[in-house]
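A quick write-up on the structure given underneath.
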Amino acid sequence: MHEKSLVQSLLKQVEAIMREHHAVSVQAVTVEIGPLSGVESLLVEDAFSELLLNSQIGRPSLNIQAVDLTIRCRDCEQASSSPGLTLKCQLCGSNKVQITHGDEFRLMDVSLQIPAESENSVT
């Protein structure tokens, strides 16, 4: 379960952002997960809940945004979404494609509770 190590790294990033902005807690964390990332959303949620117990960031919610697989064809040079995990151009049928989105596991947003301010969001 490599999701646990990914979430550990994610929480270190969030803690660094929290320190940088002198926040007292984190209210929400948003991540993007693509279908080719090799990361399972349910395992990320489980690891996040478990690792929060030893974290200094409070009890934020975790928002997971699924990212569609998009490709750019090297033959017709068009970009398109690809259904499921198909690595084939939907316009010309070529399998000479480059993945442009869908392989990411990325921290997108952190909502912080900062003293003297009600809430800030860092993207």
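If you're wondering where the values come from, they're calculated on a predicted model, not measured in any experiment.
Val7 approaches Ala47 most closely through the heavy-atom pair CG2-CB, 3.9 Å. Ser80 and Gln90 make their closest contact through OG-N, 3.9 Å (heavy atoms, listed as atom of the first residue, atom of the second, distance). For the pair His22 and Pro115, the tightest heavy-atom approach, listed with the atom from each and the gap, is O-CD, 3.4 Å. Taking each heavy atom of His21 and Leu112 in turn, the nearest pair found is CB-CD1, 3.7 Å.
Of the candidates Leu6, Leu11, Val31, Phe48 forms a side chain to side chain contact (heavy atoms under 4.5 Å, CB included) with just one, namely Leu11.
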Subject >> Residue pair Arg59, Leu52: steps toward the side chain to side chain contact (heavy atoms under 4.5 Å, CB included) verdict >> reply: CA-CA 7 Å; Arg59 299 291 176 261; Leu52 276 181; 4.1 Å; yes

Original post:
Under the side chain to side chain contact (heavy atoms under 4.5 Å, CB included) criterion, do Val26 and Ile17 qualify, and how do the steps go?
Top reply: CA-CA 10 Å; Val26 178; Ile17 292 168; over 6 Å; no

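The hydrophobic clustering, which links ILVMFWY residues whose side-chain heavy atoms are closer than 4.5 Å, places Val14 and Ile114 together. Under the 4.5 Å side-chain heavy-atom criterion for Ile, Leu, Val, Met, Phe, Trp and Tyr, Leu51 and Ile33 are members of the same hydrophobic cluster.
With values rounded to the nearest 0.5 angstrom, Asp75 atom CG is found 5.0 Å from Lys96 atom NZ. Separating the CG atom in Asp109 from the CD atom in Gln65 is a distance of 8.5 Å, to the nearest 0.5 Å. Taken to the nearest 0.5 Å, the CD atom of Glu50 stands 9.0 Å off from the CD atom of Gln8. A distance of 7.5 Å separates CG of Leu69 from OG1 of Thr100, quoted to the nearest 0.5 Å. Rounding to the nearest 0.5 angstrom, the gap separating the OG atom in Ser5 from the CG atom in Leu10 is 11.5 Å. To the nearest 0.5 Å, atom CD of residue Gln27 and atom CD of residue Gln113 are 4.5 Å apart.
The closest side-chain heavy-atom distance from Asn95 to Leu87 is not below 4.5 Å. Here the side chains of Val110 and Ile57 are not in contact, with every heavy-atom distance at 4.5 Å or above. Contact annotation: the side chain of Arg74 never approaches that of Val97 to less than 4.5 Å [non-hydrogen atoms, C-beta and beyond]. You'll find the side chain of Ile64 reaches within 4.5 Å of the side chain of Glu45, heavy atoms only. Residues Cys89 and Cys76 are in side-chain contact: their nearest non-hydrogen atoms beyond the backbone lie under 4.5 Å apart. In this structure, the side chains of Gln78 and Arg72 stay at 4.5 Å or more apart for every pair of heavy atoms. Looking only at side-chain heavy atoms (C-beta outward), Glu20 and Met18 stay at 4.5 Å or farther from each other. You'll find the side chain of Val29 reaches within 4.5 Å of the side chain of Leu107, heavy atoms only.
Glu104 places a side-chain N or O within 3.5 Å of a backbone atom of Gly102 that can act as its donor or acceptor partner. The backbone N or O of Val39 sits less than 3.5 Å from a side-chain atom of Ser37, completing a donor-acceptor pair. Counting only distance, with no hydrogens or angles, the side chain of Glu3 and the backbone of Glu40 share a donor-acceptor pair below 3.5 Å.
In the model, Thr70 has no side-chain atom that pairs as donor or acceptor with a side-chain atom of Ser81 under 3.5 Å.
Taking a 6.0 Å sphere around CG of Leu53, one finds it holds more than 12 heavy atoms contributed by other residues, nucleotides or ligands.
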